[in-house]
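Single-structure report; data block below.
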There are 2 protein chains.
Amino acid sequence: MSLAHAILGFLREQAMTGYELKTLCFDHDAQHFWTADQAQIYRTLEGLEKRGHVTSRVKRQRSRPDRKVYSITPAGVEELDRWAATPAPLPPLRDPFLIQLRFADRLSDEDLLHIVRERRSAMQQRLDILRARAAEEAKGAGRDAILHRLTLGAAMSDARSTIDWLDGALETLSDLIEQEHPTEPGTQSRLFARRTDERGSTS
Amino acid sequence: MSLAHAILGFLREQAMTGYELKTLCFDHDAQHFWTADQAQIYRTLEGLEKRGHVTSRVKRQRSRPDRKVYSITPAGVEELDRWAATPAPLPPLRDPFLIQLRFADRLSDEDLLHIVRERRSAMQQRLDILRARAAEEAKGAGRDAILHRLTLGAAMSDARSTIDWLDGALETLSDLIEQEHPTEPGTQSRLFARRTDERGSTS
DNA sequence: TCATTGTATATGTCTTCACATATACTTGTG
DNA sequence: CACAAGTATATGTGAAGACATATACAATGA
């Protein structure tokens with residue numbers, strides 16, 4: 001299970017509660033490569049404890065609910081290292097948007113361009129967030145910092161290339177529509193896509 | 001549900017059995033944007049029938065198991081069009097490989113380079129398959145054919161850009177390793193990545 | 001003062017997906 | 001002739017993920 005190993009990874013860096021894993025790790029650090037909801041994190045922690053990969057001790061608090069601090073065990077570290085060195089199969093290609101596009105031939109011109117433009121703007125937003133994260137990222141030259149930056153770079157490169165593809169698609173579709181109902185002379189076409197903005201969001 | 005809508009899309013093009021959906025559509029046509037196993041397809045068809053989006057009639061066969069041919073209903077067509085025009089949320093960023101990379105700081109140099117190289121070779125293989133599919137693709141200029149090619153292009157552009165990123169990562173990591181234990185003079189380093197081959201597989 | 005936000009864990013339930021197995025007959029291959 | 005592969009549908013089971021809700025108290029703010 002990938003989530004279990006992500007949790008082991010964070011706990012190897014520092015002992016933490018489920019709440020901290022959720023708010024500090026998965027909602028920020030891991031945001032660009034793995035997301036998980038709270039319920040899943042708590043249940044995965046239970047499973048890891050049963051398998052002996054983590055241990056927990058409860059810290060009493062008066063004014064707050066008790067904290068259950070999880071630590072990784074030697075067996076957990078071993079499992080993490082073993083898993084990290086084993087090539088993972090490629091994640092399956094599975095994108096609802098491409099289903100929509102594949103079967104969009106009965107959509108109106110407006111609807112067709114709309115879903116593509118919406119997708120572009122959502123992607124640009126994602127890229128903006130990633131760029132902001134990259135900007136605030138520590139500038140370390142250690143293995144750890146470099147690895148960290150590399151994963152951010154993967155997500156950014158992915159978003160960037162998707163946006164470029166979307167712009168190409170938008171142009172292809174505009175040409176097609178233009179060709180199907182030629183614009184009357186003097187009428188300015190508004191269908192053409194703006195090219196990718198290298199510097200930031202256009203939305 | 002995305003799978004249900006993909007099925008509606010294929011059935012809108014032609015009435016079919018679950019078996020044909022699996023072998024002809026999902027194992028080939030939809031391979032690059034949605035995969036589904038047989039059990040899931042059959043169960044989703046049941047659900048679609050209950051909701052009135054498809055109907056089925058059984059064709060007796062003497063020498064073979066009976067065929068249950070599914071057809072899309074007007075309600076199904078309506079549902080498909082409605083869904084296709086509704087912008088879908090971005091699929092979550094979730095890649096086990098990036099978890100591995102993020103927590104790979106304790107891996108040996110060999111293991112680290114190995115998982116990245118394996119990933120590159122798997123991606124190149126995926127790209128080769130996509131290119132082969134694109135080559136055998138019909139060359140139509142109709143909306144349908146263009147949409148079809150566009151989805152293939154999305155998958156190819158994704159694979160292509162991922163490979164480029166992996167090559168960059170490989171170089172970054174090689175530099176890092178080189179820097180951590182400098183090569184003795186006269187010793188040829190084998191750590192550097194080959195640049196992306198524009199024409200095909202290097203694996 | 002009342003409502004919201006933050007800290008903290010836990011459970012219930014549903015959907016989607018993955019993997020295995022059962023059944024049954026035919027055709028093609030070694 | 002035996003065995004594998006192809007045609008065809010169906011069920012069982014479990015893991016993973018999504019979403020909702022319960023509990024409990026403190027601090028902050030309108």
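It should be emphasised that the depicted structure is a prediction, and the values quoted were computed from it without experimental measurement.
Screening residues 70-91 of chain A for side-chain hydrogen bond (donor to acceptor under 3.5 Å, both in side chains) gives A/H5-A/E79, A/R12-A/D81, A/E79-A/R82, A/D81-B/R106 as the qualifying pairs, with residues at least two apart or on separate chains. Screening residues 45-55 of chain A for side-chain hydrogen bond (donor to acceptor under 3.5 Å, both in side chains) gives A/E49-A/S56 as the qualifying pairs, with residues at least two apart or on separate chains. Under the ring-ring contact (aromatic ring centres under 6.0 Å, His included) criterion, no residue pair touches residues 109-134 of chain B, with sequence neighbours excluded.
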Atom pairs and distances, side-chain donor-acceptor, residues 26-37 of chain B, under 3.5 Å, sequence neighbours left out:
| unit_1 | atom_1 | unit_2 | atom_2 | d |
| --- | --- | --- | --- | --- |
| B/D27 | OD1 | B/K22 | NZ | 2.9 |
| B/H28 | ND1 | B/T23 | O | 2.8 |
| B/D29 | OD1 | A/R102 | NE | 3.3 |
| B/D29 | OD1 | B/H148 | NE2 | 3.1 |
| B/D29 | OD2 | A/R102 | NH2 | 2.7 |
| B/H32 | ND1 | B/D29 | O | 3.3 |
| B/H32 | ND1 | B/R133 | NH2 | 3.2 |
| B/H32 | NE2 | B/T151 | OG1 | 3.0 |
| B/H32 | NE2 | B/L152 | N | 3.4 |
| B/T35 | OG1 | A/R94 | NH2 | 2.8 |
| B/D37 | OD1 | B/A39 | N | 3.4 |
| B/D37 | OD1 | B/Q40 | N | 3.0 |

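For B/E180, the side-chain hydrogen bond (donor to acceptor under 3.5 Å, both in side chains) partners two or more places apart in sequence, or in a different chain, are A/R143. Shown here are the ring-ring contact (aromatic ring centres under 6.0 Å, His included) partners of B/F97, two or more places apart in sequence or in another chain: there are none. Under the salt bridge (charged side-chain N to carboxylate O under 4.0 Å, His left out) criterion, A/R60 pairs with A/D66, not counting sequence neighbours. Legend: residues meeting side-chain hydrogen bond (donor to acceptor under 3.5 Å, both in side chains) with B/S161, ordered by chain and number and at least two apart, are A/S161. Checked against ring-ring contact (aromatic ring centres under 6.0 Å, His included), B/W165 has no partners two or more places apart in sequence or in another chain.
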With the criterion being N/O to N/O and under 3.5 Å, what pairs connect the protein with nucleotides 18-28 of chain D, and how long is each?
| unit_1 | atom_1 | unit_2 | atom_2 | d |
| --- | --- | --- | --- | --- |
| D/dA18 | OP2 | B/R94 | NH2 | 3.1 |

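Rounded to whole angstrom, the span from the CZ atom of B/R67 across to the C1' atom of D/dG6 amounts to 13 Å. Counting to the nearest Å, the P atom of D/dA16 and the CD1 atom of B/I99 are 12 Å from each other. Separating the OH atom of A/Y42 from the P atom of D/dG17 is a distance of 18 Å, rounded to the nearest angstrom. In this structure, B/I41 atom CD1 and C/dT15 atom C1' are separated by 17 Å, rounded to whole Å. C/dC17 atom P lies 18 Å from atom CG of A/L3, rounded to whole Å. Spacing between atom CG of B/L45 and atom P of C/dT16 amounts to 14 Å, rounded to whole angstrom units. The CE-P distance, from A/M1 to D/dG14, rounds to 16 Å in whole Å. One interatomic measurement links the two molecules: NZ of B/K59 to P of D/dT7, which rounds to 17 Å at whole-angstrom precision.
Near-neighbour residues of DNA chain C inside residues 10-23 of chain B, defined by a heavy atom below 4.0 Å, are absent.
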Q. Between B/R126 and B/T162, does a side chain to side chain contact (heavy atoms under 4.5 Å, CB included) hold up when you go through it step by step?
A. CA-CA 11 Å; B/R126 169 176 286 182; B/T162 303; over 6 Å; no
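Mapping A/W34 and B/E46 onto DNA chain D by nearest heavy atom places B/E46 closer to the 5' end of the strand.
For the 3.5 Å distance criterion, the side chains of A/Q179 and A/D175 fail to qualify, holding no donor opposite an acceptor.
The bend of the helix from C/dT1-D/dA30 to C/dG30-D/dC1, defined by the angle between the axes of its first five and last five pairs, stands at 20° to the nearest 10°.
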